[in-house]
Visitor: 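Here you go, one structure.
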Amino acid sequence: MKKGSLIGNVAQDLGLGLKRLRAGRARIVTGESNQYTELKTDKGILVVSERIDREQLCGDVTPCSFSFEMILENPIELHRITVEILDVNDHAPAFPMKDLQFEISESATVGARFLLESAVDPDVTLNALQNYILTPNDNFVLKQHTNPDGSKYAEMVLQKPLDREEHPRLSLKLIAVDGGNPQRSGTVNIEITVLDANDNAPVFNQSVYRATVMENATKGTYIATVNASDADSGSNGHISYYFSKLKGNIVDIFTIDMSTGSISVSGQIDYEKDKKYEVRVEAKDQGGLTDSSKVVIEVLDINDNAPVINVMSFSSPVSEDAPPGTTVAVINVKDADSERNGQITCSIDNNLPFKIKSSLSSYYTLISDIGFDRETKPEYNITITATDSGSPPLSSARTLHLRISDVNDNAPFFGKGPYSAYITENNSPGMSIFTVSAQDSDWNQNARISYLLEDTQISGTPVSTYISINSETGVLHAVRSFDYEQIKQITLVVKAQDGGSPPLCNNVSVNLFIQDQNDNAPQVLYPVQISSSLVAEMVPRSADVGYLVTKVVAVDMDSGQNSWLSYKLQKATDRALFEVGIQNGEIRTIRQVNDKDAVKQRLTVVVEDNGQPSRSATVNVNVAVADSFPEVLSEFTDFTHDKEYNDNLTFYLVLALAVVSFLFITCLVVIISVKIYRWRQSRILYHSNLPVIPYYPPRYADTLGTGTLQHVYNYEVCRTTDSRKSDCQFARPCSQNVLIMDPSSTGTIQRMQSEKNILDEPDSPLEQKPPNADWRFTQGQRPGPSGAGGPPEMAMGTGPWPNPPTEAEQLQALMAAANEVSEATATLGPGTMGLSTRYSPQFTLQHVPDYRQNVYIPGSTATLTSNPQQQQQQQMLMQQQMAAQHQALQAQPSEAAAQPEPPKAAQTPASKKKSTKKDKK
């Protein structure tokens with residue numbers, strides 16, 4: 001059709017008037033496509049704007065049509081218009097080649113097929129290719145076939161064997177005709193060369209091959225392999241593969257290996273352009289025999305195109321009073337992919353008061369879901385997301401910035417109400433009292449607030465004579481000075497009005513409370529103070545405790561705690577006789593009145609309020625202690641003031657008592673703390689795992705060598721680390737016939753046993769103390785736990801019995817013993833083994849057995865030695881000593897009995913406690 005040709009009357013078809021088309025500014029939107037049509041809004045018709053070529057626009061697709069949208073505004077309307085293109089027979093069938101060359105062996109069998117080049121006709125339906133015609137001949141007939149897409153192709157079928165000798169070459173014509181009116185046709189020449197005998201043609205193992213390939217596959221991607229077989233051998237059996245009769249750009253997309261028949265990708269595959277390819281593959285042997293097969297290649301779509309969002313119309317700002325359902329924007333979304341990859345879903349944030357609806361295909365409308373409130377949300381960022389259904393899905397987003405315009409829909413409001421303000425009386429005029437503040441959620445002029453005072457009356461006087469307000473800041477000022485005794489509260493109404501049109505307002509009540517000041521002193525109403533006469537209260541001498549003498553009555557003009565009155569007795573002739581009730585002011589007796597009390601009693605009572613600072617008043621009360629009025633009449637005519645007692649005396653007495661009590665308690669706490677500390681220290685060492693230092697006290701002997709026992713007997717005490725809790729046992733002497741008991745020695749043995757029992761008590765104060773620094777054996781000189789006693793010379797000790805060691809001295813001795821281990825060798829030289837001078841100088845190293853050469857068995861009285869001669873010498877020496885002791889005992893029985901008791905060691909406080917415990921037991 002020519003440019004300007006009429007297509008249709010759009011206004012009539014859509015039912016729209018010409019006035020609506022012009023007022024709505026109707027226009028055509030074609031997107032990215034060419035605009036083939038034009039809308040005449042003055043006539044409401046659609047005309048051709050440029051030449052339309054159906055073959056270029058749709059190709060083989062039938063029916064052929066194109067669509068576009070017509071948009072009208074105010075209000076927004078959207079209409080889709082589809083124009084169908086009808087085909088005309090403007091193309092004749094055409095062969096891509098002018099001549100077709102065939103080489104056919106004379107041995108070709110009857111029924112052999114030879115595929116002919118297909119003609120191409122861009123027209124469709126009846127105007128497309130309809131039939132092939134082959135010139136008449138004796139050897140070949142024409143057979144036509146139809147592809148699934150409707151296209152047709154032809155084959156020559158050999159119906160009579162060829163004879164190269166008769167006809168070495170054959171020339172035929174193939175004519176392709178369409179069904180148009182008038183009919184059009186195309187011709188191609190067929191030249192056939194007859195070859196010598198090759199009587200077996202290649203044969204494909206499949207008539208149709210099917211394969212798939214992903215779009216955007218890289219070059220060299222394998223697709224499929226075709227295979228044909230030839231029964232001939234040698235060169236006649238060698239097969240080559242070719243693509244036959246490729247259309248359009250297929251020759252640039254696929255390639256085939258001539259030797260193997262492998263088909264691979266050689267170009268760009270795009271599903272959006274071609275979804276399926278059909279190619280024919282020809283197998284030819286060296287003798288010229290061929291066979292053909294069809295390969296159908298389906299292209300698989302991948303999601304390689306994201307949706308594209310186009311905003312067709314957008315309205316911003318939108319008034320906040322716009323009703324729900326208002327159209328905000330119209331958008332168009334397209335996706336070049338197909339099927340699921342092209343299925344698009346549009347969405348927005350669920351928290352936004354909008355929803356998106358699909359109006360037409362690929363068109364969406366953004367509308368409001370609820371009413372707007374600019375004060376809550378003045379603007380919106382609306383992100384529209386378009387997502388396809390591919391795997392993985394692709395999406396694109398477009399953000400629209402929508403602003404909400406304000407309307408005056410909010411009145412000023414106060415944060416809370418009514419307000420309460422406080423001001424102290426006697427204020428200065430002009431003083432700021434309180435600030436009221438209102439807020440308006442609107443914007444700009446709609447939110448500008450002015451403050452006014454409503455016209456109210458206070459006791460018939462306008463409120464403006466008491467209070468004024470700043471119209472901009474809302475600050476309340478006092479116009480005059482207030483007096484609490486005259487006015488206690490003012491109630492006023494403040495009005496807040498915005499600057500909108502029409503203006504909106506709101507009121508709030510303000511209660512102004514006048515606070516009292518302590519500006520009035522108490523006033524005493526009773527007793528009345530009259531200077532000209534003397535008033536006295538009479539108390540009979542028979543009055544009991546609690547007798548009501550009188551009551552002081554006072555008032556205070558102030559209020560609250562400023563008017564709370566308390567009564568105190570400031571001065572009195574006898575404080576021990578009267579008291580004043582602190583709350584009620586009643587004067588009562590606090591003891592029985594007796595004859596010794598003075599007749600004339602003068603009391604001074606102070607009445608004080610609770611203000612800050614407090615104010616007070618004083619009243620004097622005269623009291624007469626008498627049974628009748630005449631008894632005291634003469635006395636009160638010459639009433640004299642009693643002496644004043646010093647009130648500070650009581651304070652000093654209480655202070656002295658408090659100091660003494662504090663010092664006593666402090667001393668008591670210190671003494672208890674010291675006792676507890678010492679007890680804890682003793683318990684820590686008592687339960688410790690420190691080894692016990694062996695303690696060997698010397699046997700008692702006086703300086704003259706005379707004692708209770710004339711002969712010394714050695715006993716060994718074996719105790720463990722926790723020996724304070726165990727019994728003390730004495731081991732037997734080395735020989736049974738060494739110990740000879742004398743009757744006179746009984747007391748000493750009993751004393752030793754009693755001391756043993758005291759040591760066994762856990763809480764006994766008689767505990768071991770470490771030896772003095774000048775009395776100890778070194779580690780190498782101490783006897784082992786063999787039970788053997790020392791030689792008799794060790795009994796020649798001097799001085800009193802050593803004091804028991806304390807825990808601190810035991811710890812000191814333990815540390816000293818560790819240092820002496822290294823000195824053992826030097827100490828064992830000739831001399832006294834480093835013993836103290838407290839013992840006899842006769843106690844030398846020659847009297848100490850060599851414990852380093854003997855072996856002691858714990859728990860046994862036997863001593864093993866490596867020198868037999870030394871054992872014999874020790875036995876002879878012991879027998880001599882025993883005989884000498886026996887003779888001495890027989891020769892001096894009387895002297896032993898007459899010997900006085902050896903002097904006892906001086907008793908310490910610990911030993912005194914021990915003896916006291918023993919006596920109690």
Side-chain angles (χ1 to χ4, degrees), residues 27-37 57-59 61 64-73 75-83 212-218 268-276 298-316 318 325-369 379-403:
R27 64 182 186 276
I28 294 175
V29 178
T30 60
E32 300 176 356
S33 304
N34 295 331
Q35 185 170 348
Y36 297 102
T37 61
L57 183 63
C58 300
V61 178
C64 178
S65 63
F66 65 91
S67 300
F68 54 89
E69 289 74 34
M70 183 176 72
I71 296 179
L72 290 87
E73 297 179 355
I76 296 175
E77 292 183 23
L78 186 66
H79 301 279
R80 175 179 284 274
I81 301 174
T82 302
V83 178
T212 58
V213 63
M214 300 292 293
E215 74 168 323
N216 298 332
T218 59
Q268 182 69 28
I269 299 177
D270 190 358
Y271 178 86
E272 284 70 33
K273 293 182 179 180
D274 294 296
K275 300 176 178 59
K276 182 173 68 173
E298 294 183 1
V299 180
L300 301 179
D301 183 35
I302 62 173
N303 193 21
D304 58 343
N305 293 283
V308 179
I309 301 175
N310 297 313
V311 179
M312 311 306 297
S313 178
F314 176 58
S315 300
S316 178
V318 175
T326 301
T327 300
V328 177
V330 176
I331 61 172
N332 174 257
V333 184
K334 294 181 180 180
D335 194 333
D337 295 324
S338 63
E339 297 182 358
R340 290 184 58 85
N341 296 332
Q343 295 178 4
I344 301 173
T345 302
C346 282
S347 62
I348 59 175
D349 189 358
N350 294 329
N351 297 325
L352 295 176
F354 303 93
K355 59 183 178 180
I356 191 166
K357 295 173 59 178
S358 176
S359 56
L360 295 174
S361 176
S362 71
Y363 276 85
Y364 297 86
T365 303
L366 181 67
I367 61 176
S368 61
D369 193 19
E379 57 186 12
Y380 295 89
N381 287 322
I382 309 170
T383 300
I384 302 173
T385 304
T387 307
D388 59 25
S389 301
S391 179
L394 298 179
S395 63
S396 59
R398 183 76 177 268
T399 300
L400 304 178
H401 183 72
L402 177 65
R403 291 180 292 105

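Sequence positions, counted from 1, serve as the residue numbers for this chain.
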Visitor: For F68 and V83, what are the C-alpha separation, side-chain angles and deciding distance, and is it a side-chain contact (heavy atoms from CB on, under 4.5 Å)?
Guide: CA-CA 9 Å; F68 54 89; V83 178; 3.8 Å; yes
Visitor: Can you name the disulfide (SG to SG under 2.5 Å) partners of C64, sequence neighbours left out?
Guide: C58
Visitor: With no hydrogens and no angle check, just 3.5 Å: does a side-chain donor-acceptor pair link D337 and N305?
Guide: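 Side-chain D/A pair, D337 to N305: present.
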Visitor: Name all residues meeting the side-chain contact (heavy atoms from CB on, under 4.5 Å) criterion together with S358; count only those two or more places apart in sequence or in a different chain, and write none if there are none.
Guide: Y364
Visitor: Please enumerate all residues that pass salt bridge (Lys or Arg N to Asp or Glu O under 4.0 Å) together with K275, with sequence neighbours excluded.
Guide: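 K275: no salt bridge (Lys or Arg N to Asp or Glu O under 4.0 Å) contacts found.
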Visitor: Can you name the salt bridge (Lys or Arg N to Asp or Glu O under 4.0 Å) partners of E272, sequence neighbours left out?
Guide: none
Visitor: List the residues meeting side chain to side chain donor-acceptor pair (under 3.5 Å) with R403, not counting sequence neighbours, and say none if there are none.
Guide: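 For R403 there are no side chain to side chain donor-acceptor pair (under 3.5 Å) partners, ignoring immediate neighbours.
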Visitor: When rounded to the nearest 0.5 angstrom, what distance separates CD in E77 from OG1 in T327?
Guide: 10.5 Å
Visitor: Begin from the C-alpha positions of C346 and V333 and carry the test side-chain contact (heavy atoms from CB on, under 4.5 Å) through to its verdict.
Guide: CA-CA 9 Å; C346 282; V333 184; 3.6 Å; yes
Visitor: Under the side-chain hydrogen bond (donor to acceptor under 3.5 Å, both in side chains) rule, what pairs show up with a residue in residues 338-348, not counting sequence neighbours?
Guide: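 Listed once each, the pairs are Y271-S338, D301-N341.
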Visitor: So K273 and V299, side-chain contact (heavy atoms from CB on, under 4.5 Å) or not? Walk me through it.
Guide: CA-CA 10 Å; K273 293 182 179 180; V299 180; over 6 Å; no
Visitor: Which pairs count as side-chain hydrogen bond (donor to acceptor under 3.5 Å, both in side chains) when at least one residue sits in residues 381-393, sequence neighbours excluded?
Guide: N303-D388, N381-H401, T383-T399
Visitor: Side chain to side chain donor-acceptor pair (under 3.5 Å) with S67: which residues, sequence neighbours excluded?
Guide: T82
Visitor: For the backbone of F354 and the side chain of S368, can you confirm whether one donor and one acceptor N or O come within less than 3.5 Å of each other?
Guide: no
Visitor: Rounded at 0.5 Å granularity, tell me how far CG in L366 sits from CD1 in I382.
Guide: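 Rounded to the nearest 0.5 Å, the CG-CD1 separation comes to 5.0 Å.
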Visitor: Taking the side chain as every heavy atom from C-beta outward, state whether R398 and I331 have any atom pair closer than 4.5 Å.
Guide: no
Visitor: Any idea which heavy atoms bring P307 and I344 closest together, and the distance?
Guide: CB-CD1, 4.3 Å
Visitor: Name all residues meeting the side chain to side chain donor-acceptor pair (under 3.5 Å) criterion together with D349; count only those two or more places apart in sequence or in a different chain, and write none if there are none.
Guide: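 Partners of D349 under the side chain to side chain donor-acceptor pair (under 3.5 Å) test: none.
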Visitor: Output all residues satisfying ring-ring contact (aromatic ring centres under 6.0 Å, His included) with F66, sequence neighbours left out; order by chain, then residue number.
Guide: Y36
Visitor: In chain order, what residues pass the side chain to side chain donor-acceptor pair (under 3.5 Å) check against D304, with sequence neighbours excluded?
Guide: N216
Visitor: Going by salt bridge (Lys or Arg N to Asp or Glu O under 4.0 Å), name the residues that satisfy it together with E69, two or more places apart in sequence or in a different chain.
Guide: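 Checked E69 against salt bridge (Lys or Arg N to Asp or Glu O under 4.0 Å); matches are R80.
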